[in-house]
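Written out below as structure tokens is the structure these notes cover.
First listed ligand is number 1; within each ligand, the first listed atom is number 1.
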Amino acid sequence: MGTIQEHTSIVKQAAFSLGFDFCGVARAQMLDDDARRLEQWLSSGMQGSMQYMENHFDLRIDPQKLVPGAKSVITLLLNYFPSQTQHADAPRISKYAYGRDYHEVIKHKLKNFLEILREKIGKIHGRGFVDSAPVLERTWAQRSGLGWIGKNGNLLTKQNGSFFFIATMIADVELQYDDPFAKDYCGSCSRCIDACPTSAILPNKIVDGSKCISYFTIELKDMLIPSEMKGKFNDWMFGCDVCQDVCPWNRFSKATNEIELQPIHEVLNFSLDDWENLSEESFNKLFKNSPLKRSKYSGIKRNLKFLSARQSSQAVASKVPTDL
Ligand code: B12
Ligand code: SF4
Ligand code: SF4
């Protein structure tokens, strides 16, 4: 039986040994302020058709309900900033989706993480989560002292900006808690709000999920993207990075060392023609382990068609003589 300090240092060492870039710890407790914010967000319909966001409200705001006996929420960040960019003429893919599906990569790491903790600390009941569980991951990252929530809603670190995945391990082990990140380094900047192509970023760090390009291109399962969005996607075919690309703190992003997240050859090298001529069979084979499979072939085709409708209407407009 070690001390709380020793257990905490085992947790942090284990996190870094598995390749996580940052690790912070917070006491597992009910999130009152966030409950109010989440309720407001949901009652305004900002989840759009992401019905999973309406489920398990009670678990989402209380880690002790999600993992009975929970004492600590350990938050882990994994950098995904790529060292290379896509083919210049290609429809755009969000950087988080360049490599292998992060859910798989991180779940594997979380399993190893728990094994190390059990080996070094003893009997622990813990559960690892990434993205898909009812956990307010950004909130826990801020509460664990890892960074602040920017006006674009993302968790930002002073050291390396926001191109990080967030994962959590909720466990019944008592640890030494980090102070919540108290400062906010956005200041008077509003670049993300000004640059968002669909005006999805509202005041007070609220992002209207139902207006975000990421929602339309990945989460929206209806076949049609609303026509009022025509011309606003700036060539984004899967996800959108605009509010992160314009953020001054992302000048400090460094390329990830994680081998599993290295870009898939086709993501970097496919041209618009390659995407348009891709068969369903090839898509399923090439992107079997990629986040792109979430949209499925039909979603990618829908997104391409939506982008090309804009391009052809621009082409027609540019042929109209201006001196008439
Ligand atoms: C649903 C979802 C989406 C939806 C809705 C976005 C949204 N606004 O919530 C869509 C599909 C649009 C989306 C898009 C993206 N997402 Co997303 N998404 C999620 C998911 C599954 C849930 C988020 C959630 O709970 N939303 C509800 C709202 C109310 O919560 P919230 O935005 O997190 O805000 C809370 C806190 O920030 C806090 N808060 C807000 N203001 C303030 C102010 C103060 C002072 C304090 C203390 C707290 C606070 O209160 C809110 C309520 O608790 C999380 C994974 C998870 N389980 O958490 C990933 C997650 C947030 N997404 C992520 C990513 C990477 C993205 C994209 C960048 C992907 C892309 N490139 O296309 C975009 C970014 C869009 C944006 N600007 O937010 C990462 C964020 C990493 C990071 N560094 O922040 C996460 C954590 C996934 C992961 N595991 O890594 N996403
Ligand atoms: S990801 Fe794109 S569409 Fe969504 S909030 Fe950021 S800039 Fe706006
Ligand atoms: S672009 Fe500016 S306002 Fe937006 S998150 Fe970054 S620093 Fe904050």
Side-chain angles (χ1 to χ4, degrees), residues 22 31-42 44 46-50 52-54 56-57 60-61 75-80 92-97 102-103 106 129-143 146-158 160-168 180-220 229 232-234 236 238-251 291 294:
F22 294 97
L31 299 168
D32 293 316
D33 289 351
D34 294 273
R36 277 189 288 279
R37 270 191 291 265
L38 178 62
E39 198 173 8
Q40 185 72 41
W41 191 79
L42 291 169
S44 311
M46 293 186 184
Q47 74 281 25
S49 65
M50 296 178 284
Y52 56 86
M53 287 305 299
E54 295 165 32
H56 310 301
F57 185 89
R60 206 177 288 272
I61 57 161
T75 300
L76 305 145
L77 302 188
L78 185 65
N79 175 14
Y80 63 82
R92 303 173 79 184
I93 296 172
S94 176
K95 290 183 248 311
Y96 88 84
Y102 68 99
H103 298 92
I106 294 179
F129 302 100
V130 55
D131 192 50
S132 46
V135 177
L136 286 166
E137 294 176 334
R138 289 157 156 171
T139 299
W140 287 110
Q142 184 272 334
R143 285 175 91 97
L146 299 181
W148 75 102
I149 289 156
K151 288 181 191 165
N152 61 13
N154 287 303
L155 186 270
L156 278 150
T157 68
K158 235 185 139 183
N160 303 107
S162 62
F163 290 106
F164 287 95
F165 296 121
I166 309 177
T168 54
F181 199 91
K183 292 213 171 146
D184 179 322
Y185 290 96
C186 283
S188 59
C189 173
S190 62
R191 287 193 199 185
C192 52
I193 299 175
D194 303 339
C196 173
T198 56
S199 309
I201 309 179
L202 310 177
N204 303 320
K205 309 180 176 195
I206 298 169
V207 175
D208 183 345
S210 72
K211 282 192 176 168
C212 178
I213 294 173
S214 193
Y215 162 75
F216 289 121
T217 55
I218 306 171
E219 299 297 319
L220 186 72
M229 289 294 149
K232 294 191 175 174
F233 277 19
N234 295 355
W236 288 99
F238 187 91
C240 166
D241 283 339
V242 172
C243 58
Q244 297 192 89
D245 286 341
V246 299
C247 178
W249 290 99
N250 280 327
R251 282 181 313 212
R294 183 159 174 88

Parallel, tilted or perpendicular, as decided by the 30° and 60° cut-offs, for the rings of Y80 and F163: perpendicular
N or O pair under 3.5 Å between E137 and ligand 1: yes
Any protein heavy atom nearer than 4.0 Å to atom 45 (C) of ligand 1: no
Y102 N/O to ligand 1 N/O under 3.5 Å: no
Atoms of ligand 2, numbered as shown, that sit under 4.0 Å from any heavy atom of T198: 3 (S)
Shortest protein heavy-atom distance from atom 8 (Fe) of ligand 3, along with the residue and atom involved: C186 SG, 2.3 Å
Aromatic ring pairing Y185/W249, orientation class (parallel under 30°, perpendicular over 60°, tilted between): perpendicular
Minimum heavy-atom distance F216-L220, with the two atoms named: O-CB, 3.6 Å
Atom 8 (Fe) of ligand 2 to nearest N/O/S of C196 less than 2.8 Å: yes
Nearest-neighbour protein heavy atom for atom 59 (C) of ligand 1, which is reported as residue plus atom name and distance: D131 OD1, 3.4 Å
Any S214 heavy atom less than 4.0 Å from ligand 2: no
Contact check, side chains of E219 and R294, non-hydrogen atoms, under 4.5 Å: yes
Within reach of ligand 1, part of Q47 (heavy-atom separation under 4.0 Å): neither
Q244 heavy atom under 4.0 Å from ligand 1: yes
Which residue and heavy atom of the protein sit nearest atom 23 (C) of ligand 1, plus the separation: M53 CE, 4.3 Å
Salt-bridge present (D245, K95; N to O < 4.0 Å): yes
Contact bool for atom 67 (C) of ligand 1 (protein heavy atom, d < 4.0 Å): no
Protein contact to atom 15 (C) of ligand 1 [nearest heavy atom, distance to 0.1 Å]: S214 OG, 3.9 Å
F164 and ligand 1 - part of the residue with a heavy-atom distance under 4.0 Å: backbone
Any N/O pair L136/ligand 1 closer than 3.5 Å: no
Ion pair check, D194 and R191, cut-off under 4.0 Å: no
Contact (N/O only, under 3.5 Å) between Y80 and ligand 1: no
Identity and separation of the nearest protein heavy atom to atom 9 (O) of ligand 1: W41 CZ2, 3.5 Å
Atom 6 (Fe) of ligand 2 reached by C212 (N, O or S, under 2.8 Å): no
Min heavy-atom dist I193 to ligand 3 below 4.0 Å: no
